[in-house]
Protein chains: 4
Amino acid sequence: MRKRDTVTPRKQPSQDRSRATVEAILTATAYILVRHGYARLTTNRVAQRAGVNVASIYQFFPGKEALLAELHRRHIEQGRGAARAVLAAHQGGSLERVLRTMVEAGIAAHAVEPELHRVFSEQMPRIKATRSAASEGFLLEEARELLSAWGCAAPDVERAWWMMQTAAHAVVHQAIVERPDDLRSGALAEELVLMLERYIRGKQTPGPRAGAGPEDT
Amino acid sequence: MRKRDTVTPRKQPSQDRSRATVEAILTATAYILVRHGYARLTTNRVAQRAGVNVASIYQFFPGKEALLAELHRRHIEQGRGAARAVLAAHQGGSLERVLRTMVEAGIAAHAVEPELHRVFSEQMPRIKATRSAASEGFLLEEARELLSAWGCAAPDVERAWWMMQTAAHAVVHQAIVERPDDLRSGALAEELVLMLERYIRGKQTPGPRAGAGPEDT
Amino acid sequence: MRKRDTVTPRKQPSQDRSRATVEAILTATAYILVRHGYARLTTNRVAQRAGVNVASIYQFFPGKEALLAELHRRHIEQGRGAARAVLAAHQGGSLERVLRTMVEAGIAAHAVEPELHRVFSEQMPRIKATRSAASEGFLLEEARELLSAWGCAAPDVERAWWMMQTAAHAVVHQAIVERPDDLRSGALAEELVLMLERYIRGKQTPGPRAGAGPEDT
Amino acid sequence: MRKRDTVTPRKQPSQDRSRATVEAILTATAYILVRHGYARLTTNRVAQRAGVNVASIYQFFPGKEALLAELHRRHIEQGRGAARAVLAAHQGGSLERVLRTMVEAGIAAHAVEPELHRVFSEQMPRIKATRSAASEGFLLEEARELLSAWGCAAPDVERAWWMMQTAAHAVVHQAIVERPDDLRSGALAEELVLMLERYIRGKQTPGPRAGAGPEDT
DNA sequence: CATGAATGAGTTTTCATTCAT
DNA sequence: CATGAATGAAAACTCATTCAT
């Protein structure tokens, strides 16, 4: 018994009222996080904003951390969903089209509650999962295999993938704050696809299928 | 002027004794930050670790924030210094060499007290300067002009520069935590230069100096 | 709205338990104020004396000042009540009797917790309401009209009233500390009535009702 | 050796520089008292304002209280001086003229640094001497004897004197804040003399010198 | 004497968390 | 379940005062 779990939700709300309470609590948490910042997030404030009693929070969550963890989990899930939607709608084709799809999926993932996203990635101490978790929504595992088909030299493939992932994520993420216009206009996506494509194209093993990916004409 | 400045140091220590005190305070701050994390950083703890009285902290700094701001300022300064050193040692040459130099400058900037660097970029709420400030050390303005000589299409140059900066910074930064081996071996630098070079080469205006930068043969 | 209100109570206690807590807090405040003085009044001391936790104070009051403000408000209210009681019991009659009633009302107002009264008027910085508020209990507006019936020359009436109020209040107030015996024996009231009566009688407009107030024989 | 004297100045400054320092300290004290109030008066602030080091304060005063005590002593002294000047210039004559002189002396006493006076009487905890000390400047002992010559009934004289003193002081004092115009125009003095005269005239023992004081025609 | 520096002992205030109803 | 109330523990910050030079 080292220490009690401070992150897993306590009990699943079974009745309607309970579920509404939990929703209210999480909504309030998000609101305060965005509006006042992590430093000003207190359980009492959350309760007040949610219109419930502090004690009610502890009925469903073992502590403050659990609140944030759950909110974060949901946020990631939503981002992932958005990304999946894009990937599902448009898949396959030329290298460029695959990359574009992935970039757009990433952008979509970052588009859900961007303010909240920002708070999570800028102000949250403990939650390191941010990037990797979001990235799973960003460049999904499925996509990885598509790419490996283009034939990078063996030792490189994993590292190259990491490079792309890292660079692409950072560019999209920073753009939210620093280049919102380019994000909206699509110029940024264009540019990012360019960067990734040129990078990966240079990786292709020359030979039988030189200059072309599997499905490329 | 709603609230008093909570960030600017209160008074400069003039004697040796107080200069030592301030040093001790900042050292203690860094230690606690790295060792216990931002959440556990309290003025009392800092004072205790520094072997001085809490009040002494408040003689020179208006509060906790100022402590962090000053530490951060110094850290940035050191990183910038390291980057400058690299840039000064090796400048000019082919596009690839220029990029390599810049990447290495960036890596050097991130190499000073990497633990502290990590805390600053992961756990600090307000201080936004982190990236941009560090980046100034990372890809200095001088370097920018070198690149623009390679002839990117006019409207792109600024955006392209931002892309490179953002991507490169993120890659180096994340690598500290996620790929320390690749950083040490130089493989990461190699790969990053590759990415940047391919990206920028594709930007070159075709024509008289197509395929070559000014100093390229 | 430069700074938050530091004086208005934070929330009303709704249950019996908390009402008791608030009472305990205010009682403790009064005790410490009287026993140890304003300078020694600290929220911690109050909490300890009240047998509650410091935090409980801050649940109902935004700070030390609010504690004092509320205590003061109640004290004024009590004084006013005492004065009203006297005025209600005995009203009308000759000028002398009216004045006597008013003086006695004022004395009654000062008789509730005189120690506390003294602390309030001697040691309290900001609270300016002391005199004027207490005075409203002392020489009530109703009384004023009675007096004006005696026919002071028009321009004087307001100023004369202020004189009487100020002088009478000070005499009663100081007497608590400096002449408690005269207060108890009634000699002071006698003397004060004398002073006021002679002063106001001199103000009467000569003529038809010279020498006599409306109800005077 | 109960506790060290915290009120008496430590040493008389003998050299010119020292005396200047002491002056600067006291001036700064007065300034802060008036400008920022008693609550914000700290030794450090005083020192800074005075342009000297905190420790210098402790060279001449045993503590904060002594600072205030000395300032107060001087203030009283000045008030007394002003009163004496008035009394000296104009003495003797009819009852009315004597009273007027005294009232004017009192007003003069309150006219020296009225802001400081207000702070002393409103915000100072310990110093109870305020009123009585100021009053000695207000209605000096000499004046008392003049009055007793008018022949009040024996048991009354002392109490009557206290009444007049108390009432007159309060009226003048409050007028500074509440009726500055009446003070300046002389209307208040007029009224006050009226009040006192009527009061004391009523006290005269009837008989041989009924209706007239010694020097009255 | 004067000063920069230092500090002990406190002050106000906050907050996550639990308890009684 | 829900809530008003309560609290332990600690946080930030202050200030009168002393010391070493």
Side-chain angles (χ1 to χ4, degrees), chain A residues 6 11 13-15 17-18 21 39-47 51-65 67, chain B residues 6 11-22 39-47 51-65 67, chain C residues 6 11-22 40-47 51-65 67, chain D residues 6 11 13-15 17-18 21 40-47 51-65 67:
Chain A
T6 58
K11 48 176 139 182
S14 53
Q15 300 183 7
R17 185 154 64 124
S18 309
T21 301
R40 294 245 159 98
L41 182 89
T42 74
T43 50
N44 283 296
R45 227 190 286 267
V46 169
V52 303
N53 189 277
V54 213
S56 288
I57 292 178
Y58 289 87
Q59 204 97 80
F60 300 103
F61 302 92
K64 195 181 157 186
E65 300 225 341
L67 222 65
Chain B
T6 58
K11 61 173 164 180
Q12 249 53 34
S14 62
Q15 294 183 6
D16 270 6
R17 185 153 67 123
S18 52
R19 235 173 326 234
T21 299
V22 167
R40 293 246 157 87
L41 183 87
T42 74
T43 48
N44 283 299
R45 225 189 287 269
V46 169
V52 304
N53 189 279
V54 210
S56 286
I57 293 179
Y58 287 90
Q59 268 212 359
F60 299 102
F61 303 93
K64 202 168 95 171
E65 299 222 346
L67 231 52
Chain C
T6 58
K11 63 173 162 181
Q12 249 52 34
S14 63
Q15 295 183 5
D16 272 6
R17 185 153 65 122
S18 53
R19 237 172 325 237
T21 299
V22 168
R40 293 245 156 90
L41 182 86
T42 74
T43 48
N44 283 300
R45 225 188 288 268
V46 170
V52 303
N53 188 278
V54 211
S56 286
I57 293 179
Y58 287 89
Q59 276 225 343
F60 300 102
F61 303 92
K64 203 167 95 172
E65 299 222 347
L67 232 52
Chain D
T6 59
K11 46 176 140 181
S14 52
Q15 299 183 8
R17 184 153 66 124
S18 310
T21 301
R40 296 247 159 96
L41 182 88
T42 74
T43 49
N44 284 295
R45 227 190 286 268
V46 169
V52 304
N53 190 277
V54 213
S56 287
I57 293 178
Y58 290 86
Q59 203 98 80
F60 300 104
F61 303 91
K64 196 181 156 185
E65 301 226 340
L67 222 65

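Lettering follows sequence order; numbering is per chain, from 1.
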### Query
In whole angstroms, how far is the P atom of E/dT14 from the NZ atom of A/Lys64?
15 Å

### Message
Could you write out DNA chain F as dot-bracket? Rules: Watson-Crick or G-U wobble, both distances under 3.5 Å, brackets [ ] for crossings, | for pairs with another strand, dot for unpaired.
### Response
.||||||||||||||||||||

## Note on the structure
Sequence neighbours excluded, the answer for side-chain contact (heavy atoms from CB on, under 4.5 Å) partners of B/Arg19 is B/Pro13, B/Asp16

### Query
Does OP1 or OP2 of E/dT14 have a side-chain N or O of C/Tyr58 closer than 4.0 Å?
no

### Message
For the CD1 atom of B/Ile57 and the CG atom of B/Asn44, what is their distance to the nearest 0.5 Å?
### Response
7.5 Å

At a cut-off of 3.5 Å, list every protein nitrogen or oxygen paired with a nitrogen or oxygen from nucleotides 3-5 of chain F, distance to 0.1 Å.
residue, atom, partner, partner atom, Å
F/dT3, OP2, A/Asn53, N, 3.3
F/dT3, OP2, A/Ser56, OG, 3.4
F/dG4, OP2, A/Asn53, ND2, 3.4
F/dG4, O4', C/Gln15, NE2, 3.3
F/dG4, O3', C/Ser14, OG, 3.2
F/dG4, N7, A/Asn53, OD1, 3.2
F/dG4, N7, A/Asn53, ND2, 2.5
F/dA5, OP1, C/Ser14, N, 2.9
F/dA5, OP1, C/Ser14, OG, 3.4
F/dA5, OP1, C/Gln15, N, 2.9
F/dA5, OP1, C/Ser18, OG, 2.2

### Message
Rounded to whole Å, please give me the gap between CZ in A/Arg45 and C1' in E/dT17.
### Response
17 Å

### Query
Out of curiosity, B/Thr43 OG1 to B/Phe61 CZ, how far, rounded to the nearest 0.5 Å?
12.5 Å

### Query
Would you say the side chain of C/Val46 lies within less than 4.5 Å of the side chain of C/Lys64, judging by non-hydrogen atoms?
no

### Message
In whole Å, I'd like the distance from the CG atom of B/Leu41 to the P atom of F/dC13.
### Response
12 Å

### Task
Starting at atom CD of C/Glu65, determine the distance to atom C1' of E/dT11, rounded to an integer number of angstrom.
14 Å

#### Entry: Atom-pair distance (CZ on D/Phe61; P on F/dC15), nearest Å
20 Å

### Query
Does F/dA12 have OP1 or OP2 sitting under 4.0 Å from an N or O in the side chain of B/Thr43?
yes

### Message
Can you measure C/Arg40 atom CZ to E/dT11 atom C1' for me and round it to whole angstrom units?
### Response
14 Å

### Message
Can you work out whether A/Thr42 or C/Pro62 has the more 5'-proximal nearest nucleotide on DNA chain E?
### Response
C/Pro62

### Summary
Here the distance between atom C1' of E/dT13 and atom CG of C/Leu67, to the nearest Å, is 14 Å

### Message
Going by side-chain contact (heavy atoms from CB on, under 4.5 Å), name the residues that satisfy it together with B/Pro62, two or more places apart in sequence or in a different chain.
### Response
B/Arg10, B/Ala66

#### Entry: Pairing residues for A/Arg45 by the side-chain contact (heavy atoms from CB on, under 4.5 Å) criterion, not counting sequence neighbours
A/Ile32, A/Arg40, A/Thr42

### Query
Rounding to a whole Å, what distance do you find between A/Ile57:CD1 and E/dT17:P?
10 Å

### Summary
In this structure, OH of A/Tyr58 is separated from CG of A/Leu67 (nearest 0.5 Å) by 8.5 Å

